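Quick notes on the structure that follows.
Count residues from 1 along the sequence. Quick note: numbers below take in every heavy atom, side chains included, and nothing from hydrogens, waters or symmetry partners. Since the structure is predicted, the reported quantities are computational estimates derived from the model, not experimental observations.
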Amino acid sequence: MLPQDFLKITYYQFFHPMILHPLKIVAFGDLHLGDNVSLSMTKALFCQIKKEQPDYICLLGDNFDSPNKIKQVEKQKQFIDFILSLANLAPVMIILGSHDFVGTYASLDYWNEFWQTISQIKGVFLLNNQVYFDHQILFMGYFETYDYFFPKHQKREDTECLYQDLKKRRYLYDSLPSALPKFALFHSPEFGKDDRIITLLQNYDYILSAHYHNGCIPAFLDDIYHGPRGIISPKREIFPKNARGLSLLSEKTKLIINGGIIKLSDCSPTYLHILNSLCYPELDVISLTTDSKQVDSIVRKKIFYKNNF
């Protein structure tokens with residue numbers, strides 16, 4: 001058995017004074033639906049999420065490996081069936097990552113039509129610079145643009161671009177309901193290096209991100225090392241800081257970076273694809289408790305999740 005046959009689940013538990021009863025959120029990113037993600041894999045992933053009995057489910061971007069995969073009928077069906085199944089469990093929040101749109105910049109009809117179809121599924125909320133809230137929780141989903149990921153068509157992330165865009169969208173972080181726990185969803189956590197952006201987002205209790213692929217740390221090292229550094233980032237930064245897990249952006253705001261389902265995309269060099277066999281797919285389960293005596297905690301487990309299907 002390879003590490004990719006196991007699922008690493010990180011359980012976070014936090015006390016939150018604003019909730020009336022416990023809440024559970026399951027979050028993951030970087031599904032990268034493409035040649036590396038079989039139908040049996042998404043079915044097994046669904047079965048494990050079902051076992052967790054979440055109140056809400058968050059998909060944190062890079063749902064597809066590339067927009068071209070959306071044109072493939074079998075991959076369209078695989079994703080739609082997966083989302084339909086998840087929506088039968090709990091409300092589903094979806095944001096987009098760079099792999100979901102780079103190559104089209106949202107200009108092609110099939111791209112827009114597909115995501116419109118997804119957003120029309122009952123219980124599914126595609127949050128592109130939008131806020132969802134109900135009587136017990138609030139989610140904001142931010143759309144990190146092409147100009148952010150590829151300023152001047154260069155492969156780097158421009159937090160100045162993100163900051164200027166966020167300043168125009170005050171409705172995403174100002175005058176939010178005070179009585180609800182508040183979650184912000186960003187595909188890339190790079191914003192956490194900019195104090196100006198952290199200040200804009202200070203009303204959020206939790207920010208969920210992905211994109212860093214757990215720093216591409218292989219399973220044998222991941223079993224013994226739980227620190228925030230990775231081996232390499234999507235920008236090819238060596239030993240990046242705060243590439244995974246939990247960190248504090250401020251006294252109030254916690255950042256959780258999910259390690260992702262797939263580590264290396266189909267479009268990465270073929271010789272690197274072996275990392276998908278050497279690294280765990282990852283799921284985060286965030287529980288909010290009403291018990292002030294409960295200590296905030298992190299518990300990591302790995303399961304042979306292909307037994308699920």
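- The minimum heavy-atom distance linking Ile217 with Gly230 is given by the pair CD1-CA, 4.0 Å.
- Lys193 NZ: more than 12 foreign heavy atoms inside a 6.0 Å radius.
- A donor-acceptor pair under 3.5 Å is formed between the side chain of Glu144 and the backbone N or O of His187.
- A 4.5 Å side-chain heavy-atom check between Ile262 and Leu264 finds every atom pair outside the cut-off.
- Using a cutoff of 4.0 Å between basic side-chain nitrogens and carboxylate oxygens, Asp30 and Lys263 are not scored as salt-bridged.
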| What's the verdict on side-chain contact (heavy atoms from CB on, under 4.5 Å) for Ile257 and Asp284, showing C-alpha distance, side-chain angles and the deciding distance? | CA-CA 9 Å; Ile257 305 174; Asp284 289 337; over 6 Å; no
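- For the pair Lys69 and Asp35, the salt-bridge criterion is met [side-chain N within less than 4.0 Å of a carboxylate O].
- Annotation: side chain of Leu23 is in contact with side chain of Gln136 (closest heavy-atom distance under 4.5 Å).
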| task | Could you check Tyr204 against Leu176 for side-chain contact (heavy atoms from CB on, under 4.5 Å), going step by step and ending with a plain yes or no? | result | CA-CA 9 Å; Tyr204 283 95; Leu176 301 177; 3.6 Å; yes
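- Summarising the geometry, atom CG belonging to Leu288 is positioned 11.0 Å from atom NE2 belonging to His21; distances are rounded to the nearest 0.5 Å.
- Remark: Leu39 CG to Lys43 NZ distance equals 4.5 Å, nearest 0.5 Å.
- Across Ser277 and Leu2, no two heavy atoms sit closer than the pair O-CB, 3.8 Å.
- Note: the hydrophobic cluster containing Leu185 does not contain Leu86 (ILVMFWY, side chain heavy atoms under 4.5 Å, direct or indirect links).
- Taking CD1 from Ile261 and CG from Leu60, the interatomic distance works out to 10.0 Å, rounded to the nearest 0.5 Å.
- Criterion: ILVMFWY side-chain heavy atoms under 4.5 Å apart, direct or through other members. Under it, Leu255 and Tyr142 are part of a common hydrophobic cluster.
- The aromatic ring centres of Phe64 and Phe79 sit less than 6.0 Å apart.
- Under the 4.5 Å side-chain heavy-atom criterion for Ile, Leu, Val, Met, Phe, Trp and Tyr, Leu89 and Ile9 are members of the same hydrophobic cluster.
- Between Phe143 and Phe101, the gap from one ring centroid to the other is short of 6.0 Å.
- Proximity of Ile286 to Lys24: side-chain heavy atoms (C-beta onward) are nowhere separated by under 4.5 Å.
- Listed here is the closest heavy atom pair of Tyr171 and Asn129: OH-O, 2.9 Å.
- Residues Tyr305 and Tyr11 share a single hydrophobic cluster, defined by chaining ILVMFWY side chains whose heavy atoms lie under 4.5 Å apart.
- With a 6.0 Å radius and a threshold of 12 heavy atoms from other residues, nucleotides or ligands, Gln53 has its CD atom at or below the threshold.
- Ring orientation note: the planes of Phe191 and Phe186 are tilted relative to one another, at an angle of 30° to 60°.
- Looking at Thr289 and Gln13, their side chains come closer than 4.5 Å, going by heavy atoms from C-beta outward.
- A donor-acceptor contact shorter than 3.5 Å is absent between the side chain of Asn258 and the backbone of Ala210.
- Side chain of Asp165 to main chain of Leu162: no donor-acceptor pair is present (N/O by atom type, distance under 3.5 Å, no hydrogens or angles).
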| task | Begin with the C-alpha distance, continue with both residues' side-chain angles, and end with the deciding distance and a verdict on salt bridge (charged side-chain N to carboxylate O under 4.0 Å, His left out) for Arg196 and Glu160. | result | CA-CA 9 Å; Arg196 300 171 303 167; Glu160 178 64 29; 2.8 Å; yes
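- Side chain of Asp205 to backbone of Thr253: no donor-acceptor contact under 3.5 angstrom is found.
- Considering every non-hydrogen atom in both Ala27 and Leu208, the closest pair reads CB-CD1, 4.0 Å.
- Salt-bridge check for Asp222 with Arg244: passed, with a basic side-chain N closer than 4.0 Å to an acidic carboxylate O.
- We find that Lys301 and Glu52 are not joined by a salt bridge, their nearest charged nitrogen and carboxylate oxygen being 4.0 Å or further apart.
- Each of Val124, Leu126, Leu84 was evaluated against Ile118; a single residue qualifies, Val124, per the side-chain contact (heavy atoms from CB on, under 4.5 Å) test.
- For the pair Pro189/Tyr212, a side-chain contact is recorded, criterion being any heavy-atom separation below 4.5 Å from C-beta on.
- No path of Ile, Leu, Val, Met, Phe, Trp and Tyr side chains, each step under 4.5 Å between heavy atoms, connects Ile83 with Ile95, placing them in separate hydrophobic clusters.
- Taking the six-membered ring where the residue is Trp, His32 and His213 present perpendicular rings, their angle passing 60° and hence far from 30°.
- Residues Asp65 and Gly34 share a closest heavy-atom pair of CB-CA, 4.4 Å.
- Using a 30° and 60° split on the angle between ring planes, Tyr132 and Phe139 fall in the tilted class, from 30° to 60°.
- Between Thr42 and Gln78, some side-chain heavy-atom pair lies under the 4.5 Å cut-off.
- Rounded to the nearest 0.5 angstrom, Phe14 CZ and Asp296 CG are separated by 6.0 Å.
- Remark: Ile94 CD1 to Trp115 CH2 distance equals 6.0 Å, nearest 0.5 Å.
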| side-chain contact (heavy atoms from CB on, under 4.5 Å) between Leu20 and Thr290, worked out | CA-CA 7 Å; Leu20 299 177; Thr290 59; over 6 Å; no
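- The environment of CZ in Phe133 is sparse: at most 12 heavy-atom neighbours from other residues, nucleotides or ligands sit within 6.0 Å.
- Inter-residue side-chain proximity for Ile49 and Pro54 is flagged as met; some heavy-atom pair is nearer than 4.5 Å.
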| Under the side-chain contact (heavy atoms from CB on, under 4.5 Å) criterion, do Lys51 and Phe46 qualify, and how do the steps go? | CA-CA 9 Å; Lys51 288 180 181 180; Phe46 161 75; over 6 Å; no
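- In this structure, OG in Ser233 is found 8.0 Å from CD1 in Ile238, a value given to the nearest 0.5 Å.
- The number of heavy-atom neighbours closer than 6.0 Å to NZ of Lys77, taken from other residues, nucleotides and ligands shown, is 12 or below.
- Annotation: side chain of Phe82 is in contact with side chain of Leu45 (closest heavy-atom distance under 4.5 Å).
- Salt bridge annotation for Lys293-Asp291: absent, with no cationic side-chain nitrogen under 4.0 angstrom from a carboxylate oxygen.
- A donor-acceptor pair is defined here as one N or O able to donate and one able to accept, closer than 3.5 Å; no such pair exists between the side chain of Glu190 and the backbone of Glu157.
- Counting non-hydrogen atoms of neighbouring residues, nucleotides and ligands closer than 6.0 angstrom, the NZ atom of Lys50 reaches no more than 12 such neighbours.
- Nearest heavy atoms, Pro281 versus Met41: CG-CE, 4.3 Å.
- In this structure, Lys302 forms no cation-pi arrangement with Tyr280, as its terminal cationic atom is not both closer than 6.0 Å to the ring centre and no more than 45° off the ring axis.
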